[in-house]
Enquirer: 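Quick one: structure below, then a few questions.
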Amino acid sequence: VYKQDRPEEIGSWSRIDDYDSRYGSIFKNARGHYTLAVRGTKGNFRDIWKDIKIGFGSKDQRDSDLEKSLEKFYQDHPGVKLDCTSHSLGTMLATNAMRHVKPLEPTEKSDVFLWNPASSPFQSKDAVRHVEENKNWNVEYFLNKGDIVSNFFSQQLSQEEIDKKVFYGKYSKSPLTSHGLAQWVESY
């Protein structure tokens, strides 16, 4: 979803054009599973401004286009489980959208995968707790101890949460390497 021209297919997943937004896309696989993928910062003013706000402690960064896409999906697919995968800035945009836009009918818990989640030492601890303690999500975290963007986030998790839900990337002194998606996937 970082690409301007998003691919129609990725492996066994097909993108559903009707739900594309500036930050995300919804994909469906051959087994009928749906996943919302939300990108992080691309370097434009909008993204950087949101990052600056997070850096100063905001936990409420949202995107109306992403939320409208999610609302449309839930209207078109009541009762369907929607999982989520997101990176960096996208982790906050996705989790806030999923907290504010509710499915029309109860669904099973969403699997939520947060890659280098956006956080700041100026945030209150509940910025992390509202993600971890959401009863509608099964959350897994992909962190790197060298990543300054997600360090506060990882520091707010209990040892039990870390043991059960956290996967660490290979440590790197480079902030870009520690925060980048390349540490997690070979084809990125």
Side-chain angles (χ1 to χ4, degrees), residues 1-55 58 60-78 80-101 103 107 110-119 131 137 139-144 147-150 167 169-170 172 174-188:
V1 291
Y2 277 94
K3 297 181 179 189
Q4 182 68 30
D5 294 320
R6 297 176 184 166
E8 295 295 322
E9 309 253 338
I10 300 174
S12 65
W13 294 87
S14 298
R15 182 171 54 85
I16 307 171
D17 296 346
D18 293 347
Y19 308 112
D20 281 350
S21 69
R22 133 178 69 236
Y23 285 100
S25 293
I26 294 178
F27 294 83
K28 180 180 180 182
N29 72 7
R31 295 181 297 176
H33 294 149
Y34 294 89
T35 297
L36 168 65
V38 183
R39 71 166 176 82
T41 303
K42 284 178 70 171
N44 60 55
F45 179 76
R46 175 186 289 113
D47 294 359
I48 292 169
W49 182 242
K50 288 180 184 300
D51 288 337
I52 290 170
K53 289 179 182 178
I54 293 168
S58 173
D60 298 317
Q61 294 306 298
R62 296 169 62 183
D63 182 71
S64 61
D65 288 344
L66 180 63
E67 291 180 15
K68 287 176 188 170
S69 171
L70 203 52
E71 286 172 0
K72 181 173 175 23
F73 175 82
Y74 285 140
Q75 288 173 353
D76 294 348
H77 304 280
V80 169
K81 178 185 176 193
L82 177 64
D83 295 326
C84 178
T85 185
S86 56
H87 178 246
S88 189
L89 169 62
T91 63
M92 185 177 289
L93 299 177
T95 56
N96 283 336
M98 291 174 71
R99 278 186 30 232
H100 290 92
V101 180
T107 62
S110 295
D111 295 321
V112 177
F113 305 99
L114 303 179
W115 307 82
N116 303 97
S119 66
V131 171
W137 305 338
V139 183
E140 291 185 3
Y141 307 94
F142 298 83
L143 307 172
N144 189 306
D147 179 22
I148 61 172
V149 174
S150 59
F167 301 91
K170 184 178 176 186
S172 171
S174 165
L176 293 176
T177 302
S178 295
H179 188 69
L181 280 174
Q183 68 182 306
W184 305 107
V185 292
E186 293 177 18
S187 63
Y188 187 76

Enquirer: What is the distance from atom OG of S14 to atom CD1 of I26, rounded to the nearest 0.5 Å?
Expert: 13.5 Å
Enquirer: Within the 4.5 Å heavy-atom criterion, are V101 and L66 side-chain neighbours or not?
Expert: no
Enquirer: Could you check K42, R39, K53 and say which one makes a salt bridge (charged side-chain N to carboxylate O under 4.0 Å, His left out) with D47?
Expert: R39
Enquirer: Taking the side chain as every heavy atom from C-beta outward, state whether H179 and S88 have any pair of such atoms under 4.5 Å apart.
Expert: yes
Enquirer: Please determine if K81 and D83 form a salt bridge, counting it only when a charged side-chain N lies under 4.0 Å from a carboxylate O.
Expert: yes
Enquirer: Taking all non-hydrogen atoms of both residues into account, name the closest pair between V38 and A94 and its distance.
Expert: CG2-CB, 3.7 Å
Enquirer: With the threshold set at 4.0 Å, does a side-chain nitrogen-carboxylate oxygen contact exist between D20 and R15?
Expert: yes
Enquirer: For the pair F73 and Y19, name the ring-plane relationship: parallel under 30°, tilted 30 to 60°, perpendicular over 60°.
Expert: perpendicular
Enquirer: Taking S110 for its side chain and V112 for its backbone only, find out whether a donor-acceptor pair lies under 3.5 Å.
Expert: no
Enquirer: Output the distance between atom CG (L93) and atom SG (C84), rounded to the nearest 0.5 Å.
Expert: 10.0 Å
Enquirer: Decide yes or no for F113 and T35: does some side-chain heavy atom of the first lie under 4.5 Å from some side-chain heavy atom of the second?
Expert: no
Enquirer: Testing the 3.5 Å rule here: is there a donor-acceptor pair between the side chains of R6 and S25?
Expert: yes
Enquirer: Please report the closest heavy-atom contact between E67 and A97, naming both atoms and the distance.
Expert: CG-CB, 3.7 Å
Enquirer: Below 4.5 Å, heavy atoms only, C-beta onward: do N116 and H87 meet side chain to side chain?
Expert: yes
Enquirer: Can you name the nearest heavy-atom pair linking Y23 to V1, along with the distance?
Expert: O-CG2, 4.1 Å
Enquirer: Within the 4.5 Å heavy-atom criterion, are V131 and Y141 side-chain neighbours or not?
Expert: yes
Enquirer: Would you name the heavy atoms of Q183 and S178 that are closest together and state the gap between them?
Expert: NE2-O, 2.8 Å
Enquirer: Give the C-alpha distance, both sets of side-chain angles, the deciding distance and a yes or no for side chain to side chain contact (heavy atoms under 4.5 Å, CB included) between K50 and T41.
Expert: CA-CA 9 Å; K50 288 180 184 300; T41 303; over 6 Å; no
Enquirer: Is I52 atom CD1 crowded by more than 12 heavy atoms from other residues, nucleotides or ligands, each under 6.0 Å away?
Expert: yes
Enquirer: State the CD-CH2 distance between Q61 and W49, to the nearest 0.5 angstrom.
Expert: 9.5 Å
Enquirer: Minimum heavy-atom separation for T95 and W137, please, with both atom names.
Expert: O-CH2, 3.5 Å
Enquirer: Does the plane of the ring in W184 sit parallel, tilted or perpendicular to the ring in F142? Use 30° and 60° as the thresholds.
Expert: perpendicular
Enquirer: Using side chain to side chain contact (heavy atoms under 4.5 Å, CB included) as the criterion, point out the one residue from L114, D51, I54 that pairs with M92.
Expert: I54
Enquirer: Could you check whether any side-chain heavy atom of L82 comes within less than 4.5 Å of a side-chain heavy atom of L70, counting everything from C-beta outward?
Expert: yes
